[in-house]
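To keep things clear, I will list the structure first and then write my remarks on it.
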Amino acid sequence: MKCRLRNYWWLLGLLWWGAGVSAALAQRPFALADIGRLVNVGDPQLSPDGRQILIVVSRPNLATNRNEADVVLVDVATGRQRVLVAGRPTVKQPRWAPAGDRVTFLARTGTGKDAHTQLFIQPLASGEARQLTNAVENVQLYSWSPDGQALAYSAADAPANAAEAARGNDSFEVGNGSATLTAPPAPDHLWLVPASGGPARRLTAGPLSLPDDSSAPFAWAPDGRTLVCVLRPSAQTGDQETRVYTLDVGTGAARELPGSPHRVDLPAYSPDGRWISYQTPREAPYYESLEFDVVPAAGGAPRHVCRGLDRNLQRALWSPDSKSLFVGGNDAATVAIWQLGLDGKSRRLPLGAVSPNGSYWVEMAVGRRNALALTANEPGRPAELYYLASPTASPRRLTDFNHETAALALGRMEAVEWTSDNLRPDGILTYPPDFDPARKYPLVLMMHGGPSNASRLAFYGLGQAVAARGYVVFQPNYRGSDNLGYAFQRAIREDAGAGPGRDVLAGIAALEKRGWVDTSRIALCGASYGGFMTAWLMGESRRWRCAVAASAVVDLLDSYNLSDNNVANAGHYGPSPWLSAENMERYRAQSPLSRAGRWHTPTLILHNVHDFRVPIANAYKFYHALRDNGVPVRFVAFPIAAHVPADPVRSAEWNRLWVEWLDLYLASGTASDAIPSK
């Protein structure tokens, strides 16, 4: 009895201590360092029997400067977890064998120049993982054959001139690629490897290439005899005229699908083999309003089944009965998923505050009886795994990896709308945790990239860190954003800055009417196209306190001539600037650099030296235009080949520089003398 009492009081003490820890955490606001503690949960994969889900769980490690990932198995009924794959560098893409008895994944092997991503297989019950491929370049993507006997995978060819290049004969012919290239891009091709092991067999060859920026450029037919894939005319990223092909797995013979559009991605067979779905822009060559068409498997006239949704759709998965598609994309203040019938009728899934993860993607899987697995987040909770037993069920959270962050004092988020011209833009506010509407607050604009993207009511670490410092964060979804339909998205054509700029200014004016905006302390921020909007708005007549422009486009000629999607930019900004003086003027007038004489805002410029998407020439022009005119400016470069940093150390430094620049100018009574008068 005494022992039981002692255990009882020990348990009470433990509960009291735990409650105290939770209370202490709840009293502390989210800090910049907490971004480095966020756990990423992604790539959910339902088992064939629907009872278990594979996910990738990644944690940043500042000491090793790696995002260290595990493959975790989660039981749907109980939420119990089992780490299936741990300790392998850059593990990703876990996939179930069709029988559910084995799991495959990609992981890095070797060191230095010999390090490559390869395909591994591991029995579910027990045993060690076994390497299946020995590709000379990284395995990019793969997929199980329906019978479980083989796997198709994509990988680039080895450089054709490797021996000559090793002795210095390394010149190459330039095409429609990024100015950061130092060698010709090699085509991505398809290969077939037995699941039992053995040599891989090449399925495609020649100059045609799978698009290297696609998340799913090929898929199996249910009978296992055919693959459907999309191919572009070369490996150059600017050559984006992809078409649909069917590939005979036995012979390697490729056949272009009759009636294939010229810009297409994400092909997939229906489970009954009768249909092929694919993603294509509603109006080529423009990329606004991506939708999914359905065509007979032998080719034919497409069904535009998505037109009634009027949203830019990033993902589609077939239902098991082949009667519908589950499609997802940005929708107003969240990411929505719809079940879409082949007749075009749809119903929106009841996700509530749950917003699926994915950057130009939707993290979901569809299983038996139309059950769904999602990795998603909520305004007050970073990424976790959720499960819907059916399309009409509410999501049930299965994991709690980010419970410490969810327990902090986070800033409340709110969706707002306003009127601009004849449009109705929207945006997201994040308030300081102790927000008092009777006080005045600095306003920090944090503008999304794209421009085909949108800010959402979803957890945003940098936004929370900025709000916790006493600033209200405003994320406007200007015209060109993809969350409000085709007309809103296409309204940016050949009007890259002025129209979206009016939307942002109208949004600020609407917030100022609420009474809590300190109009003398408004900052502009953004990365990529958000950096473009930052530079554009710096040319307005109103006075901004400071700006942070990361990976910012300031010269659209650089985008056309030097970026990885180069000539494809003509779809947004107008035909080639080299065809006429009028075209050249159109590019110049839409570039923020045309407003450089009006720039007076103290600016922090962040850029990666080998940025393939926004060449660093933009940043140098930006820097000199400010510095030569006596405007306070700081330009920090990172010597990496990335659009934005992804590794923990550089990401943390990027965020630190960003927030400290805001503090320098927005914190009450600081740096006011550094703002030049106009």
Side-chain angles (χ1 to χ4, degrees), residues 170-185 209 211-213 232-242 262-263 284-288 449-452 480 492-498 526-536 539 549-596 605-626 635 637 639-644:
D170 53 5
S171 62
F172 65 99
E173 185 173 345
V174 172
N176 284 331
S178 168
T180 60
L181 288 176
T182 58
S209 176
D212 65 352
D213 56 352
R232 60 169 50 139
S234 81
Q236 297 286 359
T237 52
D239 294 340
Q240 298 185 353
E241 295 291 321
T242 49
H262 292 181
R263 295 209 173 179
Y286 306 100
Y287 284 101
E288 302 101 8
S452 295
I492 200 174
R493 289 187 196 168
E494 298 187 27
D495 185 17
S528 193
Y529 211 89
F532 174 101
M533 289 303 303
T534 296
W536 183 272
S551 308
V553 179
V554 298
D555 187 349
L556 292 179
L557 281 174
D558 282 353
S559 289
Y560 183 86
N561 294 310
L562 305 176
S563 75
D564 64 330
N565 54 13
N566 47 77
V567 298
N569 285 298
H572 292 295
Y573 312 126
S576 168
W578 304 111
L579 295 178
S580 69
E582 292 78 12
N583 289 3
M584 180 68 75
E585 174 57 24
R586 184 182 295 113
Y587 273 69
R588 189 204 66 81
Q590 292 181 84
S591 297
L593 201 63
S594 68
R595 299 155 69 88
I605 300 170
L606 300 172
H607 218 107
N608 294 324
V609 171
H610 305 293
D611 187 338
F612 50 84
R613 184 63 40 83
V614 181
I616 198 170
N618 284 267
Y620 278 94
K621 293 173 182 178
F622 202 0
Y623 172 72
H624 285 290
L626 291 166
F635 176 13
I640 56 174
H643 187 36
V644 295

What are the two closest heavy atoms between G238 and V567, and how far apart are they? O-CG2, 3.7 Å
Between E241 and R232, does a salt bridge (Lys or Arg N to Asp or Glu O under 4.0 Å) hold up when you go through it step by step? CA-CA 6 Å; E241 295 291 321; R232 60 169 50 139; over 6 Å; no
Does Y573 offer a backbone N or O that forms a donor-acceptor pair with the side chain of E494 under 3.5 Å? no
Please evaluate residues Y560 and Y587 with respect to the criterion side chain to side chain contact (heavy atoms under 4.5 Å, CB included), reporting the C-alpha separation (whole Å), side-chain torsions for both, the decisive distance (0.1 Å), and the verdict. CA-CA 9 Å; Y560 183 86; Y587 273 69; 3.6 Å; yes
Considering all heavy atoms of both residues, which atom of A570 and which atom of S576 are nearest to each other, and what is their separation? CB-N, 4.5 Å
For Y623, which residues count as a ring pair (Phe, Tyr, Trp, His ring centres under 6.0 Å) partner, sequence neighbours excluded? F635
Looking at CD1 of I605 and CD1 of I616, how far apart are the two atoms once the value is rounded to the nearest 0.5 Å? 10.0 Å
Any idea which heavy atoms bring P575 and L579 closest together, and the distance? CB-CD1, 4.5 Å
Shortest non-hydrogen contact between A498 and W536, atoms and distance: N-CZ2, 3.4 Å
Is any side-chain heavy atom of Y529 closer than 4.5 Å to one of I492? yes
Got M584 and W578 here, is their nearest side-chain heavy-atom distance under 4.5 Å? yes
Tell me whether S551 contacts the main-chain N or O of H643 through its side chain, where contact means a donor paired with an acceptor under 3.5 Å. yes
Between the OG1 atom in T242 and the CD atom in Q240, the distance rounded to the nearest 0.5 Å is 8.0 Å
Looking only at heavy atoms, what is the nearest atom pair of S563 and S559, with distance? OG-O, 2.7 Å
Taking the side chain as every heavy atom from C-beta outward, state whether R588 and L557 have any pair of such atoms under 4.5 Å apart. no
Of all heavy-atom pairs linking A589 and S594, the shortest is O-OG, 3.6 Å
Identify, with sequence neighbours excluded, every residue that meets ring pair (Phe, Tyr, Trp, His ring centres under 6.0 Å) alongside F172. none
Counting distance only, does the side-chain N/O of S580 pair as donor-acceptor with the main-chain N or O of N583 below 3.5 Å? yes
Determine yes or no for a side-chain-to-main-chain donor-acceptor pair under 3.5 angstrom, with H607 supplying the side chain and V614 the backbone. yes
Can any side-chain N or O of N618 pair as donor or acceptor with the backbone N or O of D555 at less than 3.5 Å? yes
N569 side chain vs N566 backbone, donor-acceptor pair below 3.5 Å: yes
Side chains of P185 and Q236: closer than 4.5 Å at any heavy-atom pair? yes
When you measure from the side chain of D239 to the backbone of S234, do you find a donor-acceptor pair of N or O atoms at a distance under 3.5 Å? no
Tell me whether S591 contacts the main-chain N or O of L556 through its side chain, where contact means a donor paired with an acceptor under 3.5 Å. yes
Could you name each residue pair satisfying salt bridge (Lys or Arg N to Asp or Glu O under 4.0 Å) that touches residues 556-572, not counting sequence neighbours? D558-K621, D564-R613
Main chain of R586, side chain of Q590: is a donor-acceptor contact present, judged purely on distance under 3.5 Å? yes
